[in-house]
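Letters A, B, ... are given to chains in the order of the sequence lines, protein chains preceding strands, and every chain is numbered from 1.
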Protein chains: 2
Amino acid sequence: MEKNSGNNNKLVPQVSSKRATSYDVARLAGVSQSAVSRCFKTGASVSVKTREKVRKAADELGYQPNAIARGLITRRSNIVAVVITEFTTLNYPEMTSRLNEHLAKHDIHILLFTVGPQSDMTVVLDQIWQYQVDGIIASAPFSEAEIQRCAKRGIPLVFYNRICNDSAVSTVGCDHAEGVKILIDRLVRDGAKRFVVLSGPDDSAVARERLRGATEQIELHRLSMSVLGGDYTYESGVRLTQQVIDGSSLPDAFVCANDVMAIACIDTLRGADLAVPEDVKVVGFDGITVGQWHAYQLTTIEQPLDRMIEATVSMLLERIEDITLPAEKRLFAGKYIDGASA
Amino acid sequence: MEKNSGNNNKLVPQVSSKRATSYDVARLAGVSQSAVSRCFKTGASVSVKTREKVRKAADELGYQPNAIARGLITRRSNIVAVVITEFTTLNYPEMTSRLNEHLAKHDIHILLFTVGPQSDMTVVLDQIWQYQVDGIIASAPFSEAEIQRCAKRGIPLVFYNRICNDSAVSTVGCDHAEGVKILIDRLVRDGAKRFVVLSGPDDSAVARERLRGATEQIELHRLSMSVLGGDYTYESGVRLTQQVIDGSSLPDAFVCANDVMAIACIDTLRGADLAVPEDVKVVGFDGITVGQWHAYQLTTIEQPLDRMIEATVSMLLERIEDITLPAEKRLFAGKYIDGASA
DNA sequence: CTGAAAGCGCTTACAG
DNA sequence: CTGAAAGCGCTTACAG
């Protein structure tokens, strides 16, 4: 019925090439813009007839509601910030896509932020504020002040595999110390008496936890141990192992801060014609895929990534719904992998 | 000077707990809201005095401009969608954070989307439309129709390591066929005459390209070859290699679709007491870290990830600035890694 | 250099 | 069930 009027009507859409808005759909469907809006809101009361007209018009125009505009008014962006460090260990990058799969089920998307050694966390937080994210999942170091900034903003924050014992903040992690203790016990039962621990970087709380587990358990058994400081990399594993081989005596077992270093350790021992586990035993930590390959069959502790990811997502979603929920720390036990390296 | 007036002024901010807006800052600084806005726009003409007042007020209130509101009016979200598949090969997850580092320099952020076998790409594209992204980087299969949908929307699209020869769309990739040919030539020069190709999944265009390179070059040398169909996984590498070992005769060389399969191949050969490269040679493709570890020292082609990432970002940014730019395909040569497995 | 005003594309009481 | 209207927090001509 409506005539193709000229541009004197301020509701006339710029038909050419512009993306369709709810007004465009409303005009085509012959309903009000509010009606269109309701059709895209689940649970809104719209008659079947209206809904059908709108659906048709929307399809024709390729209309999709503008999430940006919606976010402005609902104050829910359905975006969660994921903060990771630039130099990720072998299993961390995977975490991002796994998180995404879980969050996607709730129509929530991930906006990615990386912090490097030179990039200031303050700058990253400012950017996060700008995007009005509904929550933050962090697998990067936050200072207490930075944690407080999130709290003050009312943005829920959950840490993934970060140790924040001294702060009342939600975390999901793996019980690193406990896992290492299981490994030590196993080694002791197999007769190991002298240990070399190849530790991870000093500035990693996770690495310190693993070291603490090793130290405490070896002391508990009143056995001897020496610690060499590595940094999680293959190269540091090679270097430290070679250092031990070149030394006066070989230990019974190498306890490595992660699987990558353990693999480096095995490679280096074999390169020196030492048999693993006959001459020396080696254990790692993480349960990375490579460790299970035939060449290594690493004895290690596998982190329950699935459970951890799931817990992270559900803890964050709960707190997005109810910001007053108290902080919670969830620690999962790792799974002992009975490989052939110990 | 200003009295603490009541709530009769509609500009009064909800002081308690609400996030500060430009109006709040304007009131505190004693300037107009437009002035505040200008202070956060680089290059806008604001007096030093105003700028200073605004800065102070903004700091006090912890104000950060709302990127959502800004995006609504500027029609630039400064968000780029990155679409990846759920089951990523070993080096793909890293891509995401590398892309992010490059894009962050331009104040652009990544909104992550994963597509799985069951999740419809149509749904993902709808979600992408909703977030008004400025561009799309895809490392997942798009149909021609889906590519056209992006074009129709006016959203620039760049593919990362995807072969789309039959479509006028921008892509960045590695010359897989050429890389394999280099490997074959090298093997031939070392005396290899009979080849077994462990191929990747049929539905991967990259895998088909690598297979094509192998086939063509082996035929060029008029040598014999047999192809066994794998799927990029370690397990398929083990299975196929074992199949060959159990067969009547051993080839001179295994040409594997990727490094992971090549590593599986080496492990399996060694498990059967065959020496690499003395008894059989093995080559891979990708240049993953693990391949360079001592146990393998894989002869392979390394993809120039840095260059590829950089090219992807710059091609996309150019097209965000000027959507009329023609599609472009950039193919980088891989780097021959002279390992010890061939 | 500055402020008043319009408008980006939605959601949501409100009245019918 | 439906429509008119206000408003989310910005940017940007426009006039001064």
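Rounded to a whole Å, the CG atom of L72(A) is 17 Å from the P atom of dG7(C). The separation between R51(B) atom CZ and dT2(C) atom C1' is 13 Å, rounded to whole Å. Rounded to an integer number of Å, the gap from D24(A) CG to dC8(C) P is 11 Å.
For the residue pair Q127(B) / H109(A), a side-chain donor-acceptor distance below 3.5 Å is found, with atom types taken as modelled. S37(B) and S34(B) form no side-chain donor-acceptor contact under 3.5 Å, judged by distance and modelled atom types alone. Looking only at atom types and distance, the side chain of S170(B) has no donor-acceptor partner in the side chain of E328(B) under 3.5 Å away. Using modelled atom types, one finds no donor on one side chain facing an acceptor on the other under 3.5 Å when comparing S139(A) with N161(A).
At a threshold of 4.0 angstrom between heavy atoms, the contacts of S45(A) include nucleobase atoms, whether or not backbone atoms are also involved.
Under the Watson-Crick or G-U wobble criterion, with both distances below 3.5 Å, dA13(D) is left unpaired in every strand shown. Across all strands shown, nothing is found opposite dA4(C) as a Watson-Crick or G-U wobble partner with both distances under 3.5 Å.
Phosphate contact (OP1/OP2 of dG9(C), side-chain N/O of R75(B), threshold under 4.0 Å): present.
To the nearest 0.5 Å, atom CD1 of residue I136(B) and atom CZ of residue R153(B) are 10.0 Å apart. M95(B) CE to Y160(B) OH: the interatomic distance, rounded to the nearest 0.5 Å, is 6.5 Å.
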Heavy-atom protein contacts under 4.0 Å, nucleotides 10-16 of chain C, coded B base, S sugar-phosphate only, - none: BBBB---
